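Structure first, then comments.
Quantities reported herein were computed from a predicted structural model and do not represent experimental measurements.
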Amino acid sequence: VTVSMAAVLATFNEVVEDIKTQSVPSISKNMGILCFLLNVFLPGVGSMVAGAMESKWSTVIIGVLQLITCWFILGWIWSIWWGWLIFSKSSDGFSPLG
């Protein structure tokens, strides 16, 4: 499989932009609860599930980064925050980001 450097940079830039703007996928309320709980108990897994459901691959990459960095506590906190944002956006349209 050949991947161009431009495609890699575009994906990287998308991930960086999603982190800056905290652009989380919008999923159903029940899946939002599940993804939040997954992110609390299995850091990053809920983000990966939510990203895969919406074909938002930058969120899947963010989930992988959360999983890798959870051993430093920072990734776990990041995962909980991201899980809360996913849940907040999925339940009745409420979003703490406006």
Side-chain angles (χ1 to χ4, degrees):
V1 175
T2 306
V3 178
S4 71
M5 188 57 141
V8 171
L9 286 175
T11 302
F12 177 76
N13 289 335
E14 183 182 341
V15 170
V16 169
E17 192 59 35
D18 280 353
I19 291 171
K20 283 184 193 175
T21 61
Q22 295 187 352
S23 175
V24 298
S26 180
I27 56 178
S28 70
K29 184 175 182 178
N30 291 336
M31 285 307 295
I33 293 168
L34 176 65
C35 288
F36 173 66
L37 292 173
L38 282 171
N39 268 6
V40 170
F41 296 106
L42 297 169
V45 174
S47 297
M48 290 185 268
V49 169
M53 287 179 63
E54 291 292 309
S55 297
K56 195 167 176 71
W57 301 113
S58 57
T59 303
V60 174
I61 294 169
I62 288 169
V64 171
L65 292 173
Q66 291 167 345
L67 182 63
I68 291 170
T69 59
C70 74
W71 308 110
F72 306 110
I73 304 298
L74 174 64
W76 186 54
I77 293 168
W78 181 20
S79 179
I80 292 170
W81 173 248
W82 207 260
W84 174 253
L85 292 176
I86 291 168
F87 168 70
S88 296
K89 191 170 182 181
S90 70
S91 58
D92 302 328
F94 168 76
S95 175
L97 302 175

Inset, instruction - Mind telling me whether W78 and W82 have parallel, tilted or perpendicular rings, with 30° and 60° as the class edges? - result: perpendicular
Inset, instruction - With rounding to the nearest 0.5 Å, note down the distance linking OG1 in T59 to CD in E14. - result: 8.0 Å
Inset, instruction - Please round to the nearest 0.5 Å and tell me the distance separating atom CG of L65 and atom SG of C70. - result: 11.5 Å
Inset, instruction - Might you point out which heavy atoms bring V24 and K56 nearest each other, and give the distance in Å? - result: C-CE, 4.4 Å
Inset, instruction - Kindly say whether S47 contributes a backbone atom to a donor-acceptor pair with the side chain of N39 at under 3.5 angstrom? - result: yes
Inset, instruction - Taking all heavy atoms of M31 and all of V49, pick out the closest pair and write down the distance. - result: CE-CG1, 4.0 Å
Legend entry - Minimal non-hydrogen separation, G46 against I86, with atom names: O-CD1, 4.4 Å
Legend entry - Spacing of OG belonging to S79 relative to CG belonging to L74, to within rounding of 0.5 Å: 11.0 Å
Inset, instruction - Is it possible for you to say whether I80 and F41 belong to one hydrophobic cluster, with membership spreading through side-chain heavy-atom contacts below 4.5 Å? - result: yes
Inset, instruction - Return yes if some donor-acceptor pair links the side-chain N/O of W57 with the main-chain N/O of A52 below 3.5 Å, else return no. - result: no
Inset, instruction - Report whether L37 and I27 are members of the same hydrophobic cluster (ILVMFWY, side-chain heavy atoms less than 4.5 Å apart, transitive linking). - result: yes
Legend entry - Single-linkage hydrophobic cluster I77~V45, side-chain heavy atoms < 4.5 angstrom: no
Inset, instruction - Search all heavy atoms of G44 against all heavy atoms of Q66 and return the closest pair with its distance. - result: CA-OE1, 3.3 Å
Legend entry - Closest contact, heavy atoms only, I33 versus F87: CG1-CE1, 3.4 Å
Legend entry - Worked check of side-chain contact (heavy atoms from CB on, under 4.5 Å) between L38 and L34: CA-CA 6 Å; L38 282 171; L34 176 65; 4.1 Å; yes
Legend entry - Whether T11 side chain and A7 backbone form a donor-acceptor pair below 3.5 Å: yes
Inset, instruction - Just say parallel, tilted or perpendicular for the rings of W84 and F36, cut-offs at 30° and 60°. - result: perpendicular
Legend entry - Heavy-atom closest pair, residues P25 and G51: CG-N, 4.1 Å
